[in-house]
Amino acid sequence: MFQQNSLRLAILLAIGSLAACNQSDSVDLDNQLQSLISQQNLTGDPSRGRNLPSINTPLAQLGKKLFFSKALGGDKDSACVSCHHPSLGGGDGLPLPTGVMAANPDQLGPGRMQFSNADHYDGGPNVPRNAPSTFNIGMWDNTLFLDGRTESLGKTAKANGDDGKGIRTPDSLFGIADPLAGTNLAATQSRFPSTSIEEMRGYIFELNQSNEAVRTALVKRLSDQAIPNTWGTEFERVFGDSTLSYARIAEALGAYERSQVFINTPWKRYIEGDRTALSDSAKQGATLFFTSVAQGGAGCNSCHTGDFFTDEKFHVLAIPQIGRGKADGVTLDDDFGRYRESKQADDKYAFRTLSLINVEVTGPYGHDGAYKSLEDTIRHNANPEAAVAAYDFSLSNLDSYVQHNNAVANTQAALAQFKSLQSRGVSKLTPVNLSDLQVTQLADFLRSLTDPCVKDRSCLAAWIPENRDGGVDGLQLNAVDAKGNPL
Ligand code: HEC
Ligand code: HEC
């Protein structure tokens, strides 16, 4: 009896001291992370100090209707939402988008394919880059597009677009303001998808016309709907008169997108003082993220800086180069990224640092969706050369077929560029071999950057048309998944 009791006591003592030890470890972890957070001046809230519209404003409501209307697609088979659906993380859930001429234009996400008799059909997606999320788009201050071809020329922090020096776009030369740019980056960017052949314009609409001529034709289309003045009535409600113009369309689309503020993350709650908001594993991951490689960390925040987790600059990472490319390189299926715009040799294969807020739901990852899992993406960002060596260039890992004829050679060229920048000390990435445990910890941290709203259809309902009817013009895209279930 005595023996049994003393054994029990010994066990209880052992458990007690283990628990105490865990607790003090966890306090140490919190203290360490707290000091990293204050060193970086993080608040957890990238929306701070920004004046972003609510989805309930009339302008954002009009933008929602336009965003979901196939009327802005040349052949009326593609809308903004085709590649940026709120239920798909503000993207399309595909490595690369199928834009125009989809087998079923209203079917989004995995399984969406091009109509096999379509012009330029080659079995793979017709758009060369991954569709980034529109979530939190109002938090980019300097550049939109993965090569920054919509760019604020002021470059002042918190400019949030046009700060008086104008915005450069694909319609103007590098470094020169576009006189037709909108009042912010999102509105300005939204002038371009409808002029892109593969995304929305199609191969026959307004053949050989300028971007502006395409926009004029679309405005005319919206003005002459079968039921006269339906869009006119919508515009009158917002602007006070029924005049349609692409500038107004762009402001409305921009307002809808800028209302997609999804930043209430466990990470924010943690910074605000709730020590229980993050698991210990996520805290370990955060510590790795914000600690340099020289000091034993993973050095992620040398590029993923600040509360929005991006320096908005361009870096060469040699993410495997898959897809049809942007007609660069000797085989014309490569994508030179920022170099296409800046023509600076060091920018060849550089892409903009992506934000990591809600990254859990924005896969596949990288500028061309080459990685399906967050863990593999993290491995690549830690050590590009090792990740390229381990990459499955048959692409059997991806859910859908993607062109990859010269993917090995193109990726090797990008890797050679990465190594050249490394050897000249220009690259901001210090390669590090992470253990599987560290990769898991980093992934747990990145998953703490998810606002629960983005995984909750009822919370997202405000950004999706309520009635699954034709909308204003009979062309509303009522999205379904591969099984025909409404998104
Ligand atoms: C066929 C798919 C497709 C359609 C349709 C489409 N987009 Fe995109 N969108 C993309 C791709 C791909 C990119 C990235 C292109 C690049 O960086 O070169 C992009 C980029 C963007 C960006 C910039 C994101 C960032 O992080 O810089 C915004 C904003 C955006 N699109 C909004 C829209 C709007 C508004 C519409 C409708 C007018 C639209 N898109 C239609 C595929 C699409
Ligand atoms: C040298 C700058 C740099 C460093 C250091 C860096 N990243 Fe990145 N990260 C980028 C760039 C640039 C991209 C986009 C690359 C592309 O698309 O080609 C990116 C993309 C990502 C993505 C994909 C996001 C998406 O939506 O597709 C994740 C996840 C990511 N980084 C995580 C990390 C982690 C974790 C670390 C630390 C181990 C890290 N990064 C270190 C610059 C960097």
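In each ligand, atom 1 is the first atom listed, and ligand 1 is the first ligand listed. When a residue number appears, it is its place in the shown sequence, counting from 1.
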**Request:** Before accepting this row, confirm whether a basic side-chain N of the pair Arg324/Glu198 lies closer than 4.0 Å to the acidic partner's carboxylate O.
**Result:** no
**Asked** How does Glu199 reach ligand 1, by side chain, by backbone, by both or by neither, if only non-hydrogen atoms under 4.0 Å count?
**Response** both
**Item:** Any N/O pair Cys83/ligand 1 closer than 3.5 Å
**Value:** no
**Message:** Between Phe336 and Tyr349 (judged by ring centroids, cut-off 6.0 Å), do the two rings come close enough to count as a pair?
**Reply:** yes
**Item:** Pick from Gly91, Pro193, Ala186, Ala252: the one approaching atom 39 (C) of ligand 1 most closely through a non-hydrogen atom
**Value:** Pro193
**Asked** When the ring planes of Tyr256 and Phe67 are compared, do they come out parallel, tilted or perpendicular, using 30° and 60° as the limits?
**Response** tilted
**Request:** Looking only at distances, please establish whether an N/O atom of ligand 1 is found under 3.5 Å from an N/O atom of Arg129.
**Result:** yes
**Message:** Is His304 close enough to atom 8 (Fe) of ligand 2 that one of its N, O or S atoms comes in under 2.8 Å?
**Reply:** yes
**Message:** I want to know if ligand 1 touches Leu146 in the polar sense, i.e. an N/O pair below 3.5 angstrom.
**Reply:** yes
**Complete:** Within 4.0 Å of some non-hydrogen atom of Cys303, the atoms of ligand 2 are 1 (C), 2 (C), 3 (C), 4 (C), 5 (C), 42 (C), 43 (C)
**Request:** Look only at interatomic distance and state if His84 has a nitrogen or oxygen under 3.5 Å from any nitrogen or oxygen of ligand 1.
**Result:** yes
**Request:** Out of Asn381, Asp335, Leu434, indicate the one that has the non-hydrogen atom closest to atom 41 (C) of ligand 2.
**Result:** Asn381
**Asked** If you measure every N/O of Thr143 against every N/O of ligand 1, is any gap under 3.5 Å?
**Response** no
**Message:** Side chains of Asp333 and Gln403: any donor to acceptor distance under 3.5 Å?
**Reply:** no
**Asked** Hey, which atoms in ligand 2 end up nearer than 4.0 Å to a heavy atom of Ser302?
**Response** 5 (C)
**Request:** For Asn130 and ligand 1, answer yes if some heavy atom of the residue is under 4.0 Å from a ligand atom, otherwise no.
**Result:** yes
**Request:** Flag Arg352 as yes when one of its N or O atoms lies below 3.5 Å from any N or O atom of ligand 1, and as no otherwise.
**Result:** yes
**Item:** Protein contact of atom 23 (C) of ligand 1 - nearest heavy atom, named by residue and atom, plus distance
**Value:** Phe145 N, 3.9 Å
